[in-house]
Amino acid sequence: MAYQTFRQEYMQIPPVTRAYTTACVLTTAVVQLELITPFQLYFNPELIFRHYQVWRLVTNFLFFGPVGFNFLFNMIFLYRYCRMLEEGSFRGRTADFVFMFLFGGLLMAIFGLFVNLVFLGQAFTIMLVYVWSRRNPYVRMNFFGLLNFQAPFLPWVLMGFSLLLGNSIIVDLLGIAVGHIYFFLEDVFPNQPGGGRILKTPYILKAIFDTQEDDPNYNPLPEDRPGGFAWGEGQRLGG
């Protein structure tokens with residue numbers, strides 16, 4: 001019974017969010033079991049282009065470090081905001097969501113050549129948070145009961161939190177920069193005089209991911225309860 005309940009809840013997670021979070025958890029699990037090491041996963045341009053270890057272009061987005069506070073913190077934010085985007089502004093547009101993943105990952109890999117980052121998963125999470133926050137500018141948020149602010153400030157609050165923990169903010173700045181580029185090209189520039197759509201999802205992605213018609217009877221989760229978390233309007237982060 002417990003397995004059936006878990007399986008039912010698991011399969012209700014939208015497909016892109018389910019696939020990405022599952023891949024992240026499984027990658028961390030096999031590293032914890034010492035079946036592979038982080039040295040086989042990290043972003044290394046020389047190994048990618050000279051030794052053809054192309055899997056590193058993907059695996060560097062899947063490892064968030066050993067199981068601990070940082071891993072759990074990133075997984076919660078990744079799952080939450082990835083799911084809210086997929087069930088919100090990308091509802092019925094799975095191909096567009098996958099294209100955002102590819103576009104963001106490519107930009108981060110290019111920038112990663114210059115900022116010497118070996119794992120880009122945290123920056124990718126910040127990108128998702130940034131895009132969601134800009135598309136929900138009037139949502140009120142509360143950070144650990146200490147700070148009240150509107151959603152667009154969330155990425156900057158997270159960057160400040162990273163700074164307080166003694167972490168490098170380059171990762172956060174990279175995520176914010178890539179998120180802003182995507183948001184500008186997708187949401188801002190097309191609505192400007194003389195603007196237009198620069199980012200166009202390739203037909204092959206639409207053929208693969210957008211084959212099913214949207215269910216008109218679908219009742220999406222309220223934005224303050226995705227994934228079972230009681231966060232939303234007037235939401236509180238961190239407890």
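Only a predicted model underlies this, so the values are computations on that prediction, with no experimental measurement involved. Throughout, residue positions are numbered sequentially from 1 according to the sequence presented. The figures that follow rest on heavy atoms only: side chains count, while hydrogens, waters and symmetry mates do not.
- A151 and M141 get closest at one heavy-atom pair: CA-SD, 3.8 Å.
- A cation-pi arrangement is present between R56 and Y42, with the terminal nitrogen or guanidinium carbon under 6.0 Å from the aromatic centre and inside a 45° cone about the axis.
- Residues T37 and V31 are not in side-chain contact: their nearest non-hydrogen atoms beyond the backbone lie 4.5 Å or more apart.
- A salt bridge links D187 with R135: the distance from a Lys NZ or Arg NE/NH1/NH2 to an Asp or Glu carboxylate oxygen falls below 4.0 Å.
- One finds the CD1 atom of I176 at 12.5 Å from the CD1 atom of I181 (value rounded to the nearest 0.5 Å).
- In this structure, G179 and V131 approach most closely via the heavy-atom pair O-CG2, 3.9 Å.
- Scanning for side-chain hydrogen bond (donor to acceptor under 3.5 Å, both in side chains) contacts around R18 gives an empty result, with sequence neighbours left out.
- Proximity of R50 to P45: side-chain heavy atoms (C-beta onward) are nowhere separated by under 4.5 Å.
- Under the 4.5 Å side-chain heavy-atom criterion for grouping Ile, Leu, Val, Met, Phe, Trp and Tyr, V115 is not connected to I110 through any hydrophobic cluster.
- A distance of 5.0 Å separates CG in L158 from CD1 in I126, rounded to the nearest 0.5 Å.
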Take Y130 and R134 through the test side-chain contact (heavy atoms from CB on, under 4.5 Å) and record every step on the way to the result.
CA-CA 6 Å; Y130 184 90; R134 292 301 301 269; 2.7 Å; yes
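- Other residues, nucleotides and ligands contribute more than 12 heavy atoms inside 6.0 Å of the CZ atom of F69.
- Considering all non-hydrogen atoms of both residues, F189 and G196 come closest at CD2-O, 3.2 Å.
- Counting only heavy atoms from C-beta outward, the side chains of V139 and W132 approach each other to under 4.5 Å.
- Contact check on R83 versus E87 returns a salt bridge, with a Lys/Arg side-chain nitrogen under 4.0 Å from an Asp/Glu carboxylate oxygen.
- A continuous path of hydrophobic side-chain contacts links F183 to M159 [ILVMFWY only; heavy atoms under 4.5 Å].
- Using a 4.5 Å heavy-atom threshold, the side chains of F71 and P66 count as separate.
- Heavy atoms only, all atoms of each residue included: R93 and D210 are closest at C-OD1, 4.0 Å.
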field: Trace of the side-chain contact (heavy atoms from CB on, under 4.5 Å) decision for I13 with Y79
entry: CA-CA 10 Å; I13 301 172; Y79 169 77; 3.9 Å; yes
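- Within 6.0 Å of the CG atom in N191, the count of heavy atoms belonging to other residues, nucleotides or ligands exceeds 12.
- Counting only residues at least two apart or in different chains, ring-ring contact (aromatic ring centres under 6.0 Å, His included) contacts with residues 150-171 comprise F73-F161, F143-F161, F144-F161.
- Of all heavy-atom pairs spanning C24 and F64, the tightest one is SG-CE1, 3.5 Å.
- At a cut-off of 3.5 Å, with distance as the only test, no side-chain donor of N74 or T125 sits close to an acceptor on the other residue.
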Test F43 against I48 for side-chain contact (heavy atoms from CB on, under 4.5 Å), laying out the working first. CA-CA 8 Å; F43 182 74; I48 292 171; 3.8 Å; yes
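- At least one side-chain heavy atom of T94 sits under 4.5 Å from a side-chain heavy atom of V16.
- With a 6.0 Å radius and a threshold of 12 heavy atoms from other residues, nucleotides or ligands, E34 has its CD atom at or below the threshold.
- The CG atom of L35 sits 11.5 Å away from the OG1 atom of T27 when rounded to the nearest 0.5 Å.
- With respect to D96, the salt bridge (Lys or Arg N to Asp or Glu O under 4.0 Å) criterion is satisfied by exactly one of K200, R91, K206: K206.
- More than 12 heavy atoms of other residues, nucleotides or ligands lie within 6.0 Å of CG in L33, so this atom counts as buried by the packing criterion.
- Side-chain contact between Y182 and M127: absent, with no pair of heavy atoms (C-beta onward) separated by less than 4.5 Å.
- Atoms CZ and CG, from F149 and L147 in turn, are 6.0 Å apart once rounded to the nearest 0.5 Å.
- Among the candidates V30, L41, I36, the single residue satisfying the side-chain contact (heavy atoms from CB on, under 4.5 Å) test with F63 is L41.
- Taking 4.0 Å as the cut-off between side-chain N and carboxylate O, R80 and E86 do not count as a salt-bridged pair.
- Taking each heavy atom of P155 and P152 in turn, the nearest pair found is CD-O, 3.5 Å.
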Check your understanding: Can you list the steps and then say if V118 with N44 is a side-chain contact (heavy atoms from CB on, under 4.5 Å)?
Key -> CA-CA 7 Å; V118 293; N44 185 313; over 6 Å; no
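- A 4.5 Å side-chain heavy-atom check between L185 and R197 finds every atom pair outside the cut-off.
- Taking the six-membered ring for Trp and thresholds of 30 and 60 degrees, Y20 and F124 have ring planes more than 60 degrees apart, a perpendicular arrangement.
- Hydrophobic clustering (ILVMFWY, side-chain heavy atoms < 4.5 Å, transitive): W55 and F101 are in distinct clusters.
- Both M108 and L199 belong to a single network of hydrophobic side chains, linked directly or stepwise wherever heavy atoms of I, L, V, M, F, W or Y lie under 4.5 Å apart.
- Residues F119 and P38 are in side-chain contact: their nearest non-hydrogen atoms beyond the backbone lie under 4.5 Å apart.
- Here OG of S89 is found 10.5 Å from CE of M84. Values are rounded to the nearest 0.5 Å.
- Y81 and S133 form no side-chain donor-acceptor contact under 3.5 Å, judged by distance and modelled atom types alone.
- Hydrophobic cluster membership differs between F49 and L47, with clusters built from Ile, Leu, Val, Met, Phe, Trp and Tyr side chains linked at under 4.5 angstrom.
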